[in-house]
Structures are given as structure tokens and as C-alpha cells.
Amino acid sequence: MNAHFAYSVLDLVGTFVFAISGAVAARQRRLDLFGILSVTFMVACGGGIVRDVCIGAVPPVGLSDWRYLGVSVVASLITIGAYPRVRRMRSPVLVFDAIGLGLFAVAGAQKSLIYGNSAELAILLGMVSAVGGGVMRDVLLSRIPAILQREIYASAALLGAAILVGAQRAGIDGPWTPWVATIACVGVRLLSLRHGWKLPVYVNKHPTNSGN
Amino acid sequence: MNAHFAYSVLDLVGTFVFAISGAVAARQRRLDLFGILSVTFMVACGGGIVRDVCIGAVPPVGLSDWRYLGVSVVASLITIGAYPRVRRMRSPVLVFDAIGLGLFAVAGAQKSLIYGNSAELAILLGMVSAVGGGVMRDVLLSRIPAILQREIYASAALLGAAILVGAQRAGIDGPWTPWVATIACVGVRLLSLRHGWKLPVYVNKHPTNSGN
Amino acid sequence: MNAHFAYSVLDLVGTFVFAISGAVAARQRRLDLFGILSVTFMVACGGGIVRDVCIGAVPPVGLSDWRYLGVSVVASLITIGAYPRVRRMRSPVLVFDAIGLGLFAVAGAQKSLIYGNSAELAILLGMVSAVGGGVMRDVLLSRIPAILQREIYASAALLGAAILVGAQRAGIDGPWTPWVATIACVGVRLLSLRHGWKLPVYVNKHPTNSGN
């Protein structure tokens, strides 16, 4: 019961902050009203829909529970209405996005565990919940998803989901576990942004072969 | 029984007209024979497959019922064989596409209701049935889906699905309901094409900041 | 039992060879460590995940069985570690990819039959298992999937799946059936590479209209 309630709160708050970051991205690309609403909804709910389909929780809650759609629409309208103000806030958008990342990774992992799945699946689907919407957004906008190329993003989500699942498996979890896991993910993401941390890229050591 | 039959007829007719419009698009991109068949099948059945996965109707009827594949192959072959004639018909292709849009939106919403889902889910999945195949086509061809940028397309599908679901919820539906809903969607789509109706785009009011 | 075991072996071996080919592609695009792991896993398991979702086998085995993730990670690390050596082997990568194609097409069709689906669905989902991961890779890297444009690739997968399903339906299958079907698919793919076989493309016969 407690886990269900914490899950539900985490998920709706994460939906709102992700929706704000999605609406800003859509607005910047000059999509029309319907395009902004669609991309906002997809960023906010796309990852969760993939998670629900994979664990057999159909229809996915993002589609069947009107609150997710409602939250997305409200976030879109706020962003459209207050755009000149929101636009100046590049940092707040990145912070919102990091908070959404942490909330979704943890809520997604928790839901997968509630449905009786293995630890590995819960960690993977926690990450998919968190980054899935952003990947769909980049695919729709015809660009290589940023998370594949640079920055610590999906790996922070992986960390948050792993802390939650690990604590439960180790029997040391309590009401505070989801918050610790979320804060770890958000913290790593924000620190990596501030300090420019990156994962290794394997550059070509044989320049004479660089033709291909 | 009556609803099932109407649903089945709507869905197969919509598959054929969508398949024709998909085959023309694939042929124009100079895909090979297999590429044309694949894109045609995806435009014709992709949206319905996503809908069926989301409502738990697996295996999706587009994959398990051979008539959908058969209709796609026939539409591909007709388009390949009669291409010079079809090519001159830009308007007929847009009309076919509008009819497919209306039929799929209504049939998709009806199927979601038959599976016992909520009104909101039925409207959303009616729209997804109608526009999903086209979005997949644009994603595969590496372009931003047209429906996100301009024109009244997905919103017309939303209208058709909403009329069907609204009439059923209000208790005023009858054998004519699907047809009225379909005609409303097709009509709005065709009128918007003829008169150049568009949804609002939010342009930048601060030209000095337009660098990013 | 026998069919299950053969299926399981085929599927894991196919995962490994596909993962190698996926890791090489990801490494060439200079993705970071996490990007290489993600694309490798997606090429290796993406098609199977779509197949499992479509036949209702959730959670998909690629996500729930740790061996698939493990095989992908090992293949990524081998490729990163031995890249200068792997890079010189363009032919071996194409051969690996052809073997993965055959194994996945046959294993995917077999799994669909085990779940009690129709012959048509088994053939289609065998092909989807085999080419789905590669299509996702191309979509993520923002390019038109190669299989839609040229070469005999998906059609070889279709052939392998059809031989397996056809033999079972005709009552002439035995322990050798999966191997014959796999070898037919791999053989057609490799022969088409060597001899430059292509499927027909329908070029414009009206050059004066080539403006659009």
C-alpha cells in the first residue's frame, strides 16, 4: 500500500517536470499547437508506456489514467503561455529534466518490482521509463538521441534504479529508499552537467585508416 | 455483433485506402520491391498494431489475420503496376488518405471500447490507430512527421474518435454513429486541405534572441 | 522439450553474433561507452523484444533473462578491446551478421509457433525478430534503414522463417529442420552479397516529370 502510494506520487510529479521540459523543446522547434501537445505527452509518458507494455500492465497507465494526459496538457499550456519567461531559464529546464529523470527511474523500477519481476528487469525498465520519452522525442525530430553520444544521463537513471532495487533485495529498504535513490540519480546528473563529466569515447588510434 | 461487423468492415476498407497512399509514398522514394511492401504494410497496419499491443489484444490482428497482409500486398502491386496513372493523381491520394484516416480513427476507437476500456483511452487509441502508421513511415524515412508541424490531420482523427465515443457515452448512438463520425473526420480533413486551415504556431516574439 | 532447447541455443548464439555486428557499428559512429552498450543490446535484442510483445510473451525474454544482457555486454567489451583487429574484418562482420539473421529468423518463427500462433504470424515475426534490431539501430542513428533500399536481407530472413514453418505444416520436419532453414537464409544472404543480387527498384520512366 505504502509502496503503491509512493509510486503514484513519484510518477505524477515526474510526469509534470518531464512535460515542462518536453514542451520547451517542442516550442523551440516551432511545432504547431497539436505538435507541442503530442511531443509533450510523448516525453512525459512514452517511457512509461513502453515499460507497461513490457511488463504486461495493459492498457498502459499513461493512456488509461486521465491524470497523465491532463498533467501534460497543463504543462504545455503553461509553457506556451509563459514562454518568454521559461525560455530564459535554460538552467531550470535542465534541473527539471534531471528531477524527472530521477523520479521516473525510481518509480519505473518500483512498478516493475510490484508486478513481480526480477531485479535485472526492474533496473532496465526503470532506466527505460526515464529515458524512453526523450529517445522518442529525438527520433521524431530526426536526430541521434543525445543520450547515446555524450553526457551522463541514462547511466544516472541506471544508478537510481539500481539503488532502489539493490536496497530492496538487500533487505535494507524503508520509506526513505525511493528518495535516496532519486536524490542519487538527480545529484549525479546535475554534478555531471556542472563539471562536464563524460563517459569514455573510443577514438580511432590509426589515423591512416580514417578514410572509412 | 453489429458493432463487431461494422468494425471489421471499416478496418479492412481503411487498410486498403491507407495501403494505396503508403505504396505511392514508398514508390516515390525509390525503395526496392521489399521496401515498398514493408512501408505499405507499416502505413496500413502499424497504427493498429500499436493499438492492439496497448489494449492487450495480442497477437495484433494486423499480424495474425492474413487479410490485412493480403490487402497491403494487393495495394502495393496495384500501385507498382499502375504507377504512371496513380502518380498523376495527387488529389486522389490525399482523398484516399483522408478516408483511411477517418475509417481508422473510428474503427480504432470502437475496438478499444469493445475491449472494455475507458472513453479517454478509446479516443487516444483511435487517433493512434489512424496516425501511427504515417508517423512510423516518416520516422523510417528519416524526416520529422508532418503531423507534428502543420495541417489539421491528427486533430481530425481525434474529432472522429471523440464523436463516436461521445455518442456512445451519451446514449445516442445507433448504426449510423460510425459513419457520422467518419464523415466528420474526413470532411474536416478535406476542408482543411482545400482552405489551408492550420493550427497555431507560436513564433518567436524576440527576434534579437533568434540565434538559438 | 527438444524444440524449446534448440530454440534457446539458436537464440543465444544469434544474440552473440548480432551483438558483435552491432558493437562494431556503434563503435564506428564514435558513441560513448553507454551508447555502444545500448546500441549493441538493441541490435541484439530489439527484434526479439518486439516479437515477444506481439505474441504476449511478457516480460520479453531479452529483458527478463540476464543471459541476453550478459551476452551483449561481453560482445561490446570484446569489440571495444579488440577493435583494431575487428575493424580490419569487414567481411567477418558481414558474415556474423548473416549468421545472426538466419538464427534469429528461425528461432523467432519457432517461438511464435510454440506460443500457438498461425503460420503467417510465425513467418512475419521470424522476420521481425531478425531485422527489427537493425531497423531500430538505423532509426536511432537517423538514417533510412538499409533493408528498405537495397540488398537481399529481410527477404532472406523471410525465406528462412518460411522454410521452418512450411516444413512443420507439411509434416516433414525433424531435428534438422531449423538448421536447414538457417543455412538457407545465411546462404542466400551471403550469395547475394558476393554476387550483388538486388531486388527490383521501379525507376521513373517519365524523365520530364522528374521535378517532383
Side-chain angles (χ1 to χ4, degrees), chain A residues 22-42 45-46 48-50 52-70 72-73 76-77 79-88 90 135-144, chain B residues 49-58 60 112-113 115-128 131-132 134-136 138-159 192 197-206 208-212:
Chain A
V24 171
R27 174 71 174 72
Q28 281 172 338
R29 302 286 286 205
R30 306 192 180 192
L31 302 186
D32 70 13
L33 174 60
F34 188 83
I36 293 176
L37 289 170
S38 300
V39 170
T40 299
F41 182 63
M42 190 159 284
C45 297
I49 290 172
V50 170
D52 285 355
V53 164
C54 283
I55 61 176
V58 292
V61 68
L63 293 172
S64 65
D65 184 337
W66 64 270
R67 292 178 299 177
Y68 292 88
L69 180 61
S72 299
V73 170
S76 295
L77 297 181
T79 305
I80 291 172
Y83 187 69
R85 204 166 312 156
V86 175
R87 194 172 184 280
R88 266 174 263 121
R90 186 174 140 75
V135 169
M136 286 186 197
R137 176 199 61 208
D138 289 344
V139 164
L140 280 181
L141 301 179
S142 264
R143 51 191 194 195
I144 298 180
Chain B
I49 289 172
V50 170
R51 175 202 61 209
D52 285 355
V53 164
C54 284
I55 61 176
V58 292
S112 299
L113 288 177
Y115 271 73
N117 291 297
S118 70
E120 182 214 335
L121 188 83
I123 295 173
L124 280 179
L125 288 182
M127 187 186 72
V128 166
V131 307
V135 169
M136 287 186 196
D138 289 343
V139 164
L140 281 180
L141 300 180
S142 263
R143 53 191 192 194
I144 299 179
I147 66 161
L148 297 177
Q149 294 186 287
R150 52 193 157 77
E151 297 182 7
I152 291 188
Y153 190 85
S155 31
L158 200 63
L159 174 73
S192 79
W197 295 345
K198 292 198 194 314
L199 288 172
V201 176
Y202 303 94
V203 295
N204 199 339
K205 289 167 190 158
H206 303 277
T208 55
N209 291 338
S210 68
N212 176 30

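The sequence lines fix the lettering, A, B, ..., with proteins before strands; numbering per chain opens at 1. The shown structure was predicted, so the numbers you read here are calculated from the model rather than taken from an experiment. Values below: every heavy atom of this structure, side chains too, minus hydrogens, waters and symmetry copies.
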Between [X] and chain A, with a heavy-atom cut-off of 4.5 Å, which part of the residue counts as in contact: side chain, backbone, both or neither?
{"X": "B:V53", "result": "both"}
{"X": "B:V135", "result": "side chain"}
{"X": "B:M136", "result": "neither"}

Which of A:L69, A:V39, A:I49, A:V139 touches chain B most, by non-hydrogen pairs under 4.5 Å: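 Of the candidates given, the most pairs with chain B belong to A:L69.
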If you look at every heavy atom in [X] and [Y], which pair is closest and at what distance?
{"X": "A:P60", "Y": "B:C54", "result": "CD-O, 3.3 Å"}
{"X": "B:L121", "Y": "A:S64", "result": "CD1-N, 3.7 Å"}
{"X": "A:W66", "Y": "B:E120", "result": "CA-OE1, 2.8 Å"}

Of the backbone (N, CA, C, O) and the side chain (C-beta and beyond), which part of [X] lies under 4.5 Å from a heavy atom of chain B, both, or neither?
{"X": "A:I36", "result": "side chain"}
{"X": "A:L31", "result": "both"}
{"X": "A:S38", "result": "side chain"}

Residue selection (most heavy-atom pairs with chain A, distance under 4.5 Å) from B:A119, B:S112, B:S118, B:A154: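 Of the options given, most contacts go to B:A154.
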Below 4.5 Å, heavy atoms only, C-beta onward: do A:V58 and B:I55 meet side chain to side chain?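 Of all side-chain heavy-atom pairs linking B:I55 with A:V58, none is under 4.5 Å.
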